[in-house]
Amino acid sequence: MNVFMIGGTGLLGCEAAHQLIKNGHKVTSVALPPLPQGAPIPEEMEILFGDINKKSDEEILDLLKGNDVFIFAAGVDERVEFPAPVMDYYKKFNIAPLERIFPLCKQAGVKRAVVLGSYFSYLAKIKPELQAAQKNQYIKSRLLQEEVCEKACDDDFSVCVLELPYIFGTQPGRRPVWTILIEQIEFMDKWPCTLYPKGGTAMLTCRQVGEVICGAAVSDHKGFEAVPIGMYNMTWKEMLAVVFEARGMAGRKVVTVAPWMMKMGMGKVVKDYAERGIDSGMDPYHLPYIMDYNLFINPTYAKEFGATEDDINDAITDSIKVSQASFDGKVELLGMKGE
């Protein structure tokens, strides 16, 4: 099977490439330079450097010809900051590329696509009373992305959206997204305890994401599907216990707080965004209610796509240690790109 991927040198795309190549498939990827120093990118993957958004339809069509599957392992999540209106950027990086490339996929004879999405879409669908999409532009954009994927499907073209949760693991030379967690909790280190919501999250390792992407790529499912993916479920308190141990603060006391209490502290965040001209994709005043919920996922879905057991505590520890070093300015690492 021949696979064309956007974002094959990123943390998740690289893991997917490893799994696909290990299973005998050929992978070609377009990616933005530079490569993170020391990243274990498969030598067998053909890498074409450049911005896919700057290529003509004819150029993209040529790249797609001869491929069976298209994988979109790029885009941005809610942790990337943009000026107003933030929805314009989500459309630019997460939606518009698919609206443009899907018709070209069909023209080139590609039969299947796999898109890396967000488990916030899953949240919006299973808990409508939370009004997650109405109150948060990022979540709304992910649902719009799924609509584009579903509309593209026909008898000869299928799309699988992987609704991914928190992902832990590192890629040498690249800054983990978890640096933002250090920024959020570091100021409380001098307090007797750390205050945090009582909810929790699904999670998995980056290697497991690679396995799932590979499984979704070779699946014979026809039409559209959006699949919630997760292997482990932890409350925030359980996750922070691992985080603090990784930071050399084992046994640090964590006190859970109600949404209304967390909301009181969000005024400072809103003021900071306003001063820096940031339009947050997640409403700071609504986020406490999302984080109060246990957004857990049954691992059955991930296992059906081939995810195997891994050590989630080790993955969290690695992510936090590298994030802390980056936060402390001890290492220079490449940031995540929208591609």
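With values rounded to the nearest 0.5 angstrom, Ile167 atom CD1 is found 12.5 Å from Ile316 atom CD1. For the atom pair CD1 (Ile41) and CD1 (Ile47), the distance works out to 5.0 Å, reported to the nearest 0.5 Å. Atoms CG and OG1, from Asp318 and Thr170 in turn, are 5.0 Å apart once rounded to the nearest 0.5 Å.
Surrounding NZ of Lys55 are more than 12 heavy atoms belonging to other residues, nucleotides or ligands, all under 6.0 Å away. Atom NZ of Lys92 sits in a sparse spot, with 12 or fewer heavy atoms from other residues, nucleotides or ligands closer than 6.0 Å. In the displayed structure, Lys321 atom NZ is contacted under 6.0 Å by at most 12 heavy atoms of other residues, nucleotides or ligands. The number of heavy-atom neighbours closer than 6.0 Å to OH of Tyr293, taken from other residues, nucleotides and ligands shown, is above 12. Within 6.0 Å of CD in Glu275 there are more than 12 heavy atoms belonging to other residues, nucleotides or ligands.
Minimum heavy-atom separation, Met239 to Phe168: SD-CZ, 3.8 Å. Contact detail for Val69 and Ala217: the closest heavy-atom pair is CG2-O, 3.6 Å. For the residue pair Gln145 and Leu116, the shortest heavy atom distance occurs at OE1-O, 4.2 Å. Counting all heavy atoms, side chain and backbone alike, Ala302 lies closest to Gly230 at CB-O, 3.6 Å.
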Begin with the C-alpha distance, continue with both residues' side-chain angles, and end with the deciding distance and a verdict on side-chain contact (heavy atoms from CB on, under 4.5 Å) for Cys160 and Arg112.
CA-CA 8 Å; Cys160 176; Arg112 184 167 178 79; 3.5 Å; yes
Lys140 and Met87: CA distance, side-chain angles, deciding distance, side-chain contact (heavy atoms from CB on, under 4.5 Å) verdict:
CA-CA 9 Å; Lys140 179 181 179 181; Met87 182 61 80; 3.9 Å; yes
Give the intermediate values and the outcome of side-chain contact (heavy atoms from CB on, under 4.5 Å) for residues Val30 and Phe4.
CA-CA 8 Å; Val30 169; Phe4 178 77; 3.6 Å; yes
Take Tyr166 and Trp236, measure what ring-ring contact (aromatic ring centres under 6.0 Å, His included) needs, and give me the verdict at the end.
CA-CA 12 Å; Tyr166 279 20; Trp236 299 122; 5.4 Å; yes
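Salt bridge annotation for Arg142-Glu146: absent, with no cationic side-chain nitrogen under 4.0 angstrom from a carboxylate oxygen. With respect to the salt-bridge test (charged N to carboxylate O, under 4.0 angstrom), the residues Arg100 and Asp57 qualify. Taking 4.0 Å as the cut-off between side-chain N and carboxylate O, Glu59 and Lys65 do not count as a salt-bridged pair. Salt bridge present: Glu81 and Arg276 bring a charged side-chain N and a carboxylate O closer than 4.0 Å. Between Arg247 and Glu245, none of the side-chain N atoms (NZ, or NE/NH1/NH2) sits under 4.0 Å from a carboxylate O, so this pair counts as no salt bridge. Residues Glu163 and Lys125 are paired through a salt bridge, judged by an N-O separation under 4.0 Å between the basic side chain and the carboxylate.
Asn23 has its side chain within reach of Cys214: a pair of non-hydrogen atoms, C-beta onward, lies under 4.5 Å apart. Under the 4.5 Å side-chain criterion, counting only non-hydrogen atoms from C-beta, Trp178 is not in contact with Val322. At a threshold of 4.5 Å between non-hydrogen side-chain atoms, the residues Ile139 and Ser121 do not count as touching. By the 4.5 Å heavy-atom criterion applied to side chains, Thr28 and Met5 are not counted as neighbours.
Residues Thr201 and Tyr119 have side chains that bring a donor and an acceptor to within less than 3.5 angstrom of each other. Side-chain atoms of Ser29 and Glu46 form no donor-acceptor pair, as typed in the model, at a separation below 3.5 Å. Between the side chains of Tyr90 and Glu78, no donor-acceptor pair is found at a separation under 3.5 Å. Looking at Gln137 and Tyr89, their side chains never bring a donor and an acceptor atom within 3.5 Å of each other.
Considering Ile71, Ile213, Val115 in turn, Ile213 is the only one that fulfils the side chain to side chain contact (heavy atoms under 4.5 Å, CB included) rule with Leu162. Just one residue in the list Arg252, Glu186, Lys237 forms a side-chain hydrogen bond (donor to acceptor under 3.5 Å, both in side chains) with Thr194, and that residue is Arg252. Leu164 pairs with exactly one of Ile297, Ile229, Val227 by the side chain to side chain contact (heavy atoms under 4.5 Å, CB included) rule, that one being Ile229. Screening Val3, Val114, Ile6 for a side chain to side chain contact (heavy atoms under 4.5 Å, CB included) with Phe70, the sole residue that qualifies is Ile6.
Stacking of Lys268 on the aromatic ring of Phe187 is recorded, both the 6.0 Å distance cut-off and the 45° axial limit being met.
The side-chain contact (heavy atoms from CB on, under 4.5 Å) check on Asp283 picks up Asn136, Tyr285, His286, with sequence neighbours excluded.
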